[in-house]
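Lettering follows sequence order; numbering is per chain, from 1.
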There are 2 protein chains.
Amino acid sequence: MTPAVGSPASEAGTRPRVEGDREQQILDATLDVLADVGYDRLTMDAVAASARASKATLYRRWSTKPALVIDALCSMKEPHEVPDTGTLRGDLIAMFCGMGGLTDERQLVILGSVITAIGRDQQFAAAFRSQFIGPKAALSLGVFERALERGEIRDDVDLDIVVPALPGIVLHRQFLMGEVADAGSIERVIDQIILPAVAVGPRHSHDPKDPT
Amino acid sequence: MTPAVGSPASEAGTRPRVEGDREQQILDATLDVLADVGYDRLTMDAVAASARASKATLYRRWSTKPALVIDALCSMKEPHEVPDTGTLRGDLIAMFCGMGGLTDERQLVILGSVITAIGRDQQFAAAFRSQFIGPKAALSLGVFERALERGEIRDDVDLDIVVPALPGIVLHRQFLMGEVADAGSIERVIDQIILPAVAVGPRHSHDPKDPT
DNA sequence: GTCTGACGGAACGGAACCGTTCCATCGAGG
DNA sequence: CCTCGATGGAACGGTTCCGTTCCGTCAGAC
């Protein structure tokens with residue numbers, strides 16, 4: 001499968017030279033293969049073929065397959081900063097339903113592809129968590145902290161538990177139950193689990209009219 | 001749709017060269033290898049070696065690797081029936097912290113090992129969901145329905161969302177965040193997410209299906 | 001005691017990968 | 001124009017795994 005990332009300048013037989021983004025092209029090809037066959041079945045040959053590079057080039061830059069894959073994961077676009085919609089509900093929807101969120105097909109497939117590797121390669125797991133999970137978790141944490149400042153949620157909420165709950169529920173539905181995550185299902189989880197769990201007292205106030 | 005897997009031992013006379021549980025021994029060995037190296041890297045040779053069987057024997061009974069693994073998964077012990085502790089909280093803890101629950105190391109490792117296969121083998125995924133996920137989900141559903149009858153939880157709770165939430169959260173913490181699930185962490189999730197989400201009491205409806 | 005047949009073990013050819021090496025080619029800088 | 005360095009492509013030997021086949025063994029059926 002040819003990566004959609006066609007080099008703008010070079011085409012039609014001319015050999016793609018190292019234009020600086022050559023490395024990114026290879027990493028993109030790595031992600032394509034990763035999404036296609038998974039981590040365990042990803043081979044350097046397949047990556048080389050997909051990137052129209054030679055294995056020699058690959059090994060010149062990355063000594064091992066884990067190193068290449070980790071680099072590829074790190075090269076993925078980070079989710080945008082989450083816009084302040086004024087409510088926790090709006091922020092969560094904006095964050096998880098947008099690009100780079102839980103409805104991003106490619107990202108979900110890749111996520112599932114590396115779970116095996118996470119369980120069996122400590123170094124891989126560490127890199128994955130700090131580079132991939134970390135930024136997303138930080139963003140999500142920020143959303144909840146904003147809600148905390150607004151007084152939208154209880155002040156005794158354990159963010160370590162609450163913050164990862166939403167992706168956990170959605171990913172579980174996706175991977176193990178076979179549902180395709182869309183905005184609607186994510187909203188249902190937010191409305192029926194997350195918001196009730198953090199709601200303030202008996203009064204369930206998710207009022208958008210209280211911007212701190 | 002089970003591929004050519006004879007229901008053995010009950011048949012008289014014909015079979016058991018060794019013992020009727022020889023098949024189960026092989027399936028157990030399969031689970032061992034599965035937990036050890038994962039689905040993609042599981043080889044028939046490794047299973048044969050682990051079971052001290054010959055590959056010929058394996059292929060005599062299971063035509064392919066997916067068939068063998070599916071049979072192995074199906075042979076795993078089902079979780080016990082959940083004792084009625086009198087409260088939803090007690091039932092959840094009893095169910096998920098006990099054997100076959102979310103603290104069962106072997107089961108968790110195997111779970112992570114097959115996620116790759118689930119995403120890429122439709123037949124495998126279907127068998128896995130009906131044989132592995134299905135019974136657990138049914139048990140969990142029963143626990144919540146019992147709570148519903150007790151009047152412990154709101155009667156407008158969407159069980160399709162709520163029931164899989166707990167395993168989702170815990171598995172996410174385990175696989176992606178690298179936490180080891182123990183009774184304490186599961187209890188925290190129950191107390192801070194699940195119970196608040198289903199607790200009786202006033203609740204604003206965020207249900208998009210109710211656009212009053 | 002003999003026959004039967006499933007068994008474990010070993011080996012096979014073929015295929016896929018790995019990591020390396022060699023080489024012709026092409027782009028850029030001198 | 002010409003050299004130099006990085007590249008793509010192809011091939012290598014070595015390893016692993018697949019699915020099959022053959023064979024000697026041994027417990028139960030007869």
Side-chain angles (χ1 to χ4, degrees), chain A residues 2-3 5-30 33-34 36-69 71 116-117 120-121 124, chain B residues 3-30 33-34 36-69 71 113 116-117 120-121:
Chain A
T2 309
V5 201
S7 49
S10 61
E11 198 51 48
T14 70
R15 173 156 50 184
R17 203 65 177 172
V18 58
E19 295 287 324
D21 64 349
R22 184 71 186 118
E23 180 161 315
Q24 187 56 50
Q25 290 176 13
I26 294 178
L27 295 177
D28 285 340
T30 304
V33 177
L34 193 60
D36 201 25
V37 304
Y39 178 84
D40 284 326
R41 290 190 167 156
L42 176 142
T43 68
M44 300 301 261
D45 294 84
V47 172
S50 174
R52 286 176 197 159
S54 99
K55 276 198 300 176
T57 304
L58 263 53
Y59 280 106
R60 234 170 259 136
R61 304 198 185 184
W62 298 276
S63 58
T64 63
K65 161 173 141 180
L68 170 62
V69 174
D71 258 26
T116 318
R120 289 185 181 77
D121 186 329
F124 187 97
Chain B
V5 177
S7 324
S10 51
E11 301 279 343
T14 56
R15 285 303 273 295
R17 158 96 173 156
V18 189
E19 298 284 324
D21 62 351
R22 184 68 183 122
E23 180 163 313
Q24 187 57 49
Q25 291 176 13
I26 294 178
L27 294 178
D28 284 340
T30 303
V33 178
L34 193 60
D36 200 25
V37 303
Y39 177 83
D40 284 326
R41 289 189 168 155
L42 175 142
T43 69
M44 300 300 261
D45 295 85
V47 173
S50 174
R52 283 170 198 161
S54 97
K55 276 199 299 176
T57 305
L58 263 53
Y59 280 105
R60 232 170 261 138
R61 303 198 184 184
W62 298 276
S63 58
T64 63
K65 162 174 142 180
L68 170 62
V69 174
D71 258 27
S113 300
T116 318
R120 289 185 183 76
D121 186 329

Atom [atom1] of [X] to atom [atom2] of [N]: distance rounded to whole Å?
| X | N | atom1 | atom2 | value |
| --- | --- | --- | --- | --- |
| D45(B) | dC18(D) | CG | C1' | 7 Å |
| E23(A) | dA6(D) | CD | C1' | 14 Å |
| D40(B) | dC17(C) | CG | P | 12 Å |
| W62(B) | dC18(D) | CH2 | P | 15 Å |
| R52(A) | dG9(D) | CZ | P | 9 Å |
| M44(A) | dT20(C) | CE | P | 10 Å |
| K65(A) | dT16(D) | NZ | C1' | 14 Å |
| L58(A) | dG9(D) | CG | P | 12 Å |

Establish whether the base of dG9(C) is bridged to the side chain of K55(B) by a donor-acceptor pair shorter than 3.5 Å. no

With side chains defined as the heavy atoms from C-beta onward, is the minimum distance between Q24(B) and L27(B) less than 4.5 Å? yes

Is any side-chain nitrogen or oxygen of [X] closer than 4.0 Å to OP1 or OP2 of [N]?
| X | N | value |
| --- | --- | --- |
| R22(B) | dG8(C) | yes |
| R60(A) | dT7(D) | yes |
| T57(B) | dG8(C) | yes |

Angle between terminal axes - the helix from dG1(C)-dC30(D) to dG30(C)-dC1(D), 5 pairs each end, rounded to 10°: 10°

As an exercise, state the distance from CZ of R61(B) to CG of D71(B), rounded to the nearest 0.5 Å. 11.0 Å

Does A48(B) reach a base, just sugar-phosphate, or nothing at all? Heavy atoms under 4.0 Å. nothing

Under 3.5 Å, which donor-acceptor pairs link side chains of residues 37-50 of chain B to any protein atom two or more places apart or in another chain?
residue: T43(B); atom: OG1; partner: A46(B); partner atom: N; Å: 3.0
residue: D45(B); atom: OD2; partner: K55(B); partner atom: NZ; Å: 3.2

